[in-house]
2 protein chains.
Amino acid sequence: MKHLVRTSKNLGHAIRQARKAKNLTQKELASMSGVWQETISKIENGSGGTKLETLFDLIAALDLEITVTERSKGTSDGLEDIF
Amino acid sequence: MKHLVRTSKNLGHAIRQARKAKNLTQKELASMSGVWQETISKIENGSGGTKLETLFDLIAALDLEITVTERSKGTSDGLEDIF
DNA sequence: ACTCCATATGACCTCTGGATCATAAATTGT
DNA sequence: ACAATTTATGATCCAGAGGTCATATGGAGT
């Protein structure tokens with residue numbers, strides 16, 4: 001699945017989905033990423049300006065990757081998942 | 001161009017490249033994104049944990065998009081740009 | 001209903017990112 | 001070399017993110 005991320009809320013969804021897909025609890029993800037369970041909860045619920053470093057920790061622990069590209073001109077190839 | 005972003009430094013490169021590609025100065029990007037020129041400078045140089053909201057502002061102003069996907073298994077299709 | 005685990009919330013404290021202004025250093029043009 | 005523009009740095013201040021602990025709420029399962 002590919003998540004187009006424009007807001008913190010999008011991000012939260014992507015993180016939560018990836019975590020669930022791996023059958024991890026927030027606590028487990030917390031211990032493998034070094035990010036507190038409480039913080040993960042907030043992030044998954046899209047609460048405000050997380051720090052990038054925190055995001056990278058989560059992304060790495062979840063085996064995800066972030067890419068930055070030019071905005072695709074209309075070509076919504078159907079793989080995106082926007083919230 | 002597609003930038004795989006794992007660190008703040010990667011991010012900085014992606015931002016700077018996109019800005020240059022559009023022939024914008026930091027000050028111009030600053031006024032169109034609402035992010036201070038000084039802050040843009042720091043971000044482009046990869047200095048530390050930027051806030052997500054700031055990043056989103058920049059990304060939007062530069063017509064870029066962020067996607068989160070599962071880490072591609074080996075398939076380095078040659079389009080990435082890692083720093 | 002009652003456990004047990006998961007997730008959310010609330011409070012406190014510390015640390016740091018970003019706004020803001022000033023200025024230094026680097027780059028570009030002539 | 002010089003002037004002009006762009007980028008970097010340095011300092012101060014403030015808001016808020018995350019570490020940390022305690023607790024509340026929610027959900028499964030029995």
Side-chain angles (χ1 to χ4, degrees), chain A residues 1 3-68 70 81 83, chain B residues 1 3-68 70 81 83:
Chain A
M1 191 50 101
H3 293 267
L4 216 182
V5 174
R6 292 196 225 277
T7 67
S8 296
K9 229 171 240 315
N10 299 169
L11 214 249
H13 279 282
I15 299 279
R16 174 161 292 168
Q17 247 181 244
R19 177 175 63 80
K20 295 236 150 146
K22 301 207 159 218
N23 267 82
L24 295 169
T25 73
Q26 290 182 347
K27 196 190 287 187
E28 287 168 326
L29 178 55
S31 67
M32 44 195 288
S33 67
V35 179
W36 250 240
Q37 178 266 315
E38 292 86 340
T39 301
I40 294 176
S41 169
K42 282 183 205 158
I43 292 174
E44 288 190 352
N45 289 303
S47 77
T50 312
K51 279 185 209 158
L52 266 179
E53 298 302 354
T54 306
L55 172 60
F56 291 144
D57 290 345
L58 254 21
I59 291 292
L62 287 168
D63 253 306
L64 298 175
E65 61 184 26
I66 298 181
T67 52
V68 173
E70 288 106 40
D81 213 43
F83 294 92
Chain B
M1 190 51 100
H3 293 267
L4 215 182
V5 173
R6 293 195 224 279
T7 68
S8 297
K9 231 172 239 317
N10 299 168
L11 214 249
H13 279 281
I15 299 280
R16 174 160 292 169
Q17 245 181 246
R19 178 175 62 80
K20 294 237 150 146
K22 301 207 158 216
N23 267 82
L24 295 169
T25 72
Q26 290 183 347
K27 195 189 287 186
E28 287 167 327
L29 178 55
S31 68
M32 44 194 290
S33 66
V35 179
W36 250 240
Q37 176 268 313
E38 294 85 338
T39 302
I40 295 176
S41 168
K42 283 182 204 157
I43 291 175
E44 287 191 352
N45 289 303
S47 77
T50 311
K51 281 184 209 161
L52 266 180
E53 298 301 354
T54 306
L55 173 60
F56 291 143
D57 290 345
L58 254 21
I59 291 292
L62 287 169
D63 253 305
L64 299 175
E65 61 184 25
I66 298 180
T67 53
V68 173
E70 287 106 40
D81 213 43
F83 294 91

Checklist line | Atom pair distance, as rounded to whole Å: CD1 in B/I40 and C1' in C/dT20 | finding: 14 Å
Next item on the list: Would you give the length of the straight line joining atom NZ of A/K22 to atom CG of A/L64, rounded to the nearest 0.5 angstrom?
Entry: 7.0 Å
Check: Reckon A/R19 has a side-chain N or O less than 4.0 Å from the OP1 or OP2 of C/dA6?
Finding: no
Next item on the list: Please determine if a side-chain N or O atom of B/S41 lies less than 4.0 Å away from the OP1 or OP2 oxygen of D/dA8.
Entry: yes
Checklist line | Between CG on residue A/L29 and NZ on residue A/K27, distance to nearest 0.5 Å | finding: 13.0 Å
Check: Whole Å only: how far is the CD1 atom of A/I15 from the C1' atom of C/dA8?
Finding: 18 Å
Check: Once you round it to whole Å, what is the distance between P of C/dA6 and CG of A/L29?
Finding: 13 Å
Margin query: Return whichever of B/E38 or B/K51 has its heavy-atom-nearest nucleotide of DNA chain D closer to the 5' end.
Written below: B/E38
Next item on the list: Would you confirm whether B/E70, through its side chain, and A/M1, through its main-chain N or O, come within 3.5 Å as a donor-acceptor pair?
Entry: yes
Notebook entry, point to check: CG/A/L62 to CG/A/D57 distance, rounded to the nearest 0.5 angstrom?
Noted result: 11.0 Å
Check: What is the distance from CG of B/L52 to P of C/dT16, rounded to the nearest Å?
Finding: 18 Å
Could you go through nucleotides 27-30 of chain D and list every protein N or O atom that sits under 3.5 Å from one of its N or O atoms, giving the distance for each pair?
none

Note to self: Does A/H3 form a side chain to side chain contact (heavy atoms under 4.5 Å, CB included) with A/L11? I'd like the steps, not just the answer.
What the structure shows: CA-CA 8 Å; A/H3 293 267; A/L11 214 249; over 6 Å; no
Next item on the list: Could you tell me the separation between the CD atom of B/E53 and the P atom of D/dA15, rounded to a whole number of Å?
Entry: 18 Å
Note to self: Let me spell it out: for each of B/K20 and A/E44, pick the nucleotide of DNA chain C with the closest heavy atom. Which residue's pick is nearer the 5' end?
What the structure shows: A/E44
Checklist line | Distance-only donor-acceptor test (3.5 Å): side chain A/Q37, base C/dA8 | finding: yes
Next item on the list: Assign B/T39 to base, sugar-phosphate, or nothing according to its heavy-atom contacts below 4.0 angstrom with the strands shown.
Entry: sugar-phosphate
Note to self: In this structure, how many angstroms lie between the P atom of D/dG19 and the CD atom of A/Q26, rounded?
What the structure shows: 14 Å
Note to self: Expressed as a whole number of angstroms, how long is the span from B/I43:CD1 to C/dG18:C1'?
What the structure shows: 9 Å
Margin query: Do B/R16 and B/Q26 make a side-chain contact, defined as non-hydrogen atoms from C-beta onward lying under 4.5 Å apart?
Written below: yes
Check: Rounded to whole angstroms, how far apart are CG on A/L58 and C1' on D/dA17?
Finding: 14 Å
Note to self: Check the phosphate of D/dA17 against A/T50, side-chain N and O only, distance under 4.0 Å to OP1 or OP2. Yes or no?
What the structure shows: no
Next item on the list: Please determine if a side-chain N or O atom of B/N45 lies less than 4.0 Å away from the OP1 or OP2 oxygen of D/dA8.
Entry: yes
Item checked: Spacing of CG belonging to B/L55 relative to OG belonging to B/S33, to within rounding of 0.5 Å -> 11.0 Å
